[in-house]
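Presented below is the structure to which this report refers.
Start at 1 with the first residue, then count along the sequence. We use all heavy atoms of the structure for the numbers below, so side chains are in, but hydrogens, waters and symmetry mates are not.
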Amino acid sequence: MPNKVKRFQEREDFYSRISTQNMTPLWEVLDNLVLNQPEDSCVPAHWKYEELRPALMESGQLITAKEAERRVLVLENPAKRGKSRITNSLYAGYQLILPGEIAPAHRHSQSALRFVIEGNGAFTAVEGEKTLMQPGDFVVTPSWNWHDHGNQSDAPMVWVDGLDIPLVEFFNTSFKENLGEDAQMLSRPAGDALARYGSGLLPVDYESRSLNSPVFNYPYARTREALEIMRKTEEWDSCHGLKMRYVNPVDGGFAMPTMATFVQLLPKTFKSIPYRSTDATVFVVVEGSGSTLIGEENFHWNAHDVFVAPSWNWISHRAEEDAVLFSFSDRVIQEKLGLWREQRGNESI
Ligand code: 1HN
C-alpha cells in the first residue's frame, strides 16, 4: 500500500476512535473556524412595502392584536428561513395595530426598537410613560421594561420592529413576563422623557441607572429638521451622504446597548462609493427612492421598504430623489468587543 494511502487510513481510523470520546482534530476544521475574512451565511434581501402591505392588512382580519399578543409579519433572511432572523444577530418584522386595538403589557430580556412606517398617533407605553407615534419616529424599548401598545386613532398603524432576539438566544438569557393587564399604569405625562433628557438639558444631579438612552422616542420632526439644516453645508460623505447616529445624551454612546441606530440623508442623484463593515445592517427607507448595490445584487427601493446587507458585503447607494434611510445593526456590541471593522472602497484595510 502506498505510504500516502496508509497515512490517510491511519488518520481516518484515529478520527473515528476519538469521535467516540466527543473529540475531533482541529487541523481538519481550522480553516472553517478561522476565516481570512467574514463570510456571512445570510444573504442580501429586500422587502417591498407596496407588495407586502396587502398581506399585512389581511393579517388584521385573521387575528386581533390582543389575541396575537403582537401582530407581526417576521422578515426572515432567505438563507435562514424558519429562524425568525433577518441577520445572524437581529430580528425584524412589520407590526400592525388597527384602530381600537391594544397589544397587552409584557416585558422580556430582549430589547426592541420601533421605527414608525405609517399611521398617526397610535401609542406605545414604556415603563410608565406613553408616547404618541408619528411616521419616522424611532422608539426605544429597553430590556425588561414593561411595554404595551394601543391605537386610539382612526388609521391603521404600522411600524418596523427590530429586536436582538438571536443574540439573547445565543446567550440563553431569555426571560419573559406578562403583566396580566392590557395596559400598564402610567407614572409620567407623555413627552416627559423628551423634555427632561432630550432637549440639550439633563436634571442637574442625574445619574443614569440604565444602559439605554432615557430619551425613548426620537421624533422624526426633529431628526428631519436637523438633516435639512446640516445639508446646507453640503459636506457629503462619499460613502454615507449625511449620516448621523442616534445618541444617548447621557454618555454620548449609542441609544441602546445591543442595537446601534442611524439615519442618513442621500441627496437626489447622489451615488456613494462602495463601503463595507462587519456589522450586517438592516435599512428602512423613510423617504424617497433609489437603489442599493449589495455584493452583486442591486435593489431598487421606495419609501417604507426594508433591505438588509450582510456582514462585509460591499454596499453602494444611489438616490433618485432626496432619500432618507434609517438603519440598525449590532455595531454597538462589536465595537465594545473590539471586533468592528469598516473599509471604504478607496482604501485598504
Ligand atoms: C415584542 O414584544 C414586540 O412589544 C414586537 O411590540 C415583536 C417579537 C418577538 C418577541 C417580542 C412588541 C416581538 C416582541
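Under the 4.5 Å side-chain criterion, counting only non-hydrogen atoms from C-beta, M256 is not in contact with V332. Residues V5 and Q9 are in side-chain contact: their nearest non-hydrogen atoms beyond the backbone lie under 4.5 Å apart. Within the 4.5 Å cutoff, side-chain heavy atoms of P44 are placed close to those of N313. Side-chain atoms of M185 and L179, non-hydrogen and from C-beta on, never get closer than 4.5 Å to each other. With a 4.5 Å cut-off on side-chain heavy atoms, V285 and N302 do not count as touching. Using a 4.5 Å cut-off on side-chain heavy atoms (C-beta onward), P249 and V215 make contact.
Applying the salt bridge (Lys or Arg N to Asp or Glu O under 4.0 Å) rule to D13 yields the partners R17; only residues at least two apart in sequence or on another chain are considered. Checked against salt bridge (Lys or Arg N to Asp or Glu O under 4.0 Å), E287 has the following partners two or more places apart in sequence or in another chain: R224. Here R209 pairs with nothing under the salt bridge (Lys or Arg N to Asp or Glu O under 4.0 Å) rule; sequence neighbours left out. Not counting sequence neighbours, the partners of E335 by the salt bridge (Lys or Arg N to Asp or Glu O under 4.0 Å) test are R331. Residues that satisfy the side chain to side chain donor-acceptor pair (under 3.5 Å) test with D161, not counting sequence neighbours, are Q95, R114, W159.
From D154, atom CG reaches atom CG of N120 across 7.5 Å, with rounding to the nearest 0.5 Å. Distance CG/N151 to OG1/T124: 11.5 Å, rounded to 0.5 Å. In this structure, CZ on R107 lies 7.0 Å from CD on E127, to the nearest 0.5 angstrom. Rounded to the nearest 0.5 Å, atoms CE (M133) and CZ (F138) are 13.0 Å apart. In this structure, the separation between OG on S329 and CZ on F254 is 7.0 Å, given to the nearest 0.5 Å. Atom NZ of K80 sits about 13.0 Å away from atom CD1 of I86, to the nearest 0.5 Å.
The two residues P257 and I333 make their nearest non-hydrogen contact at O-CG1, 3.9 Å. Across H108 and L163, no two heavy atoms sit closer than the pair CE1-CD2, 4.1 Å.
In terms of modelled atom types and a separation under 3.5 Å, the side chain of S213 and the main chain of N248 share no donor-acceptor contact. No donor-acceptor pair under 3.5 Å is formed between the side chain of S199 and the backbone N or O of L201. Listed for the E76 side chain is a donor-acceptor partner under 3.5 Å among the backbone atoms of S84. Between the side chain of D137 and the backbone N or O of Y220 there is at least one donor-acceptor pair closer than 3.5 Å. A donor-acceptor pair under 3.5 Å is absent between the side-chain atoms of S311 and the main chain of D40, judged by distance alone. Side-chain atoms of D279 do not come within 3.5 Å of backbone N or O of T281 as any donor-acceptor pair.
Applying the side-chain hydrogen bond (donor to acceptor under 3.5 Å, both in side chains) test to residues at least two apart or on different chains, the pairs with a partner in residues 253-274 are D164-T258.
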*E28 and R11: salt bridge (charged side-chain N to carboxylate O under 4.0 Å, His left out), yes or no, with the steps?*
CA-CA 11 Å; E28 292 289 338; R11 287 181 183 174; 5.5 Å; no
_Residues R196, E129; criterion salt bridge (charged side-chain N to carboxylate O under 4.0 Å, His left out); working and verdict_ = CA-CA 13 Å; R196 203 177 288 269; E129 185 176 331; over 6 Å; no
*Give the intermediate values and the outcome of salt bridge (charged side-chain N to carboxylate O under 4.0 Å, His left out) for residues R85 and E169.*
CA-CA 11 Å; R85 63 196 55 185; E169 182 186 322; 3.2 Å; yes
*asked:* Working note: V126 + T131, criterion side chain to side chain contact (heavy atoms under 4.5 Å, CB included); need CA distance, chi angles, decisive distance, verdict.
replied: CA-CA 8 Å; V126 180; T131 185; 6.0 Å; no
_Is there a salt bridge (charged side-chain N to carboxylate O under 4.0 Å, His left out) between R231 and E228? Walk through the geometry before answering._
CA-CA 5 Å; R231 79 180 297 171; E228 209 50 42; 3.3 Å; yes
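Annotation for E12: atom CD counts as buried by contact number, over 12 foreign heavy atoms lying within 6.0 Å. Crowding of Y15 atom OH: a count of heavy atoms from other residues, nucleotides or ligands under 6.0 Å exceeding 12. For K243, the NZ atom counts as densely surrounded, since its 6.0 Å shell holds more than 12 non-hydrogen atoms of other residues, nucleotides or ligands. Residue R318 places its CZ atom among 12 or fewer non-hydrogen atoms of other residues, nucleotides or ligands, all under 6.0 Å distant. Within 6.0 Å of the CG atom in D251, the count of heavy atoms belonging to other residues, nucleotides or ligands exceeds 12. Annotation: M23, atom CE; neighbour count of heavy atoms from other residues, nucleotides and ligands within 6.0 Å is above 12. Within a 6.0 Å radius of NZ in K4, no more than 12 heavy atoms belonging to other residues, nucleotides or ligands are found. Within a 6.0 Å sphere centred on CZ of R7, heavy atoms belonging to other residues, nucleotides or ligands number 12 at most.
Aromatic ring centres of F262 and F283: separated by at least 6.0 Å. Separation of the H147 and F216 ring centroids does not fall under the 6.0 Å cut-off. The six-membered or imidazole ring of F328 lies away from that of F115, with a centre-to-centre distance of 6.0 Å or more. F299 and F307 have their aromatic ring centers separated by at least 6.0 angstrom. For Y246 and F326, the gap between ring centers is short of 6.0 Å.
Just one of Q343, Q334, Q37, R341 meets the side chain to side chain donor-acceptor pair (under 3.5 Å) condition when paired with T278; it is Q334.
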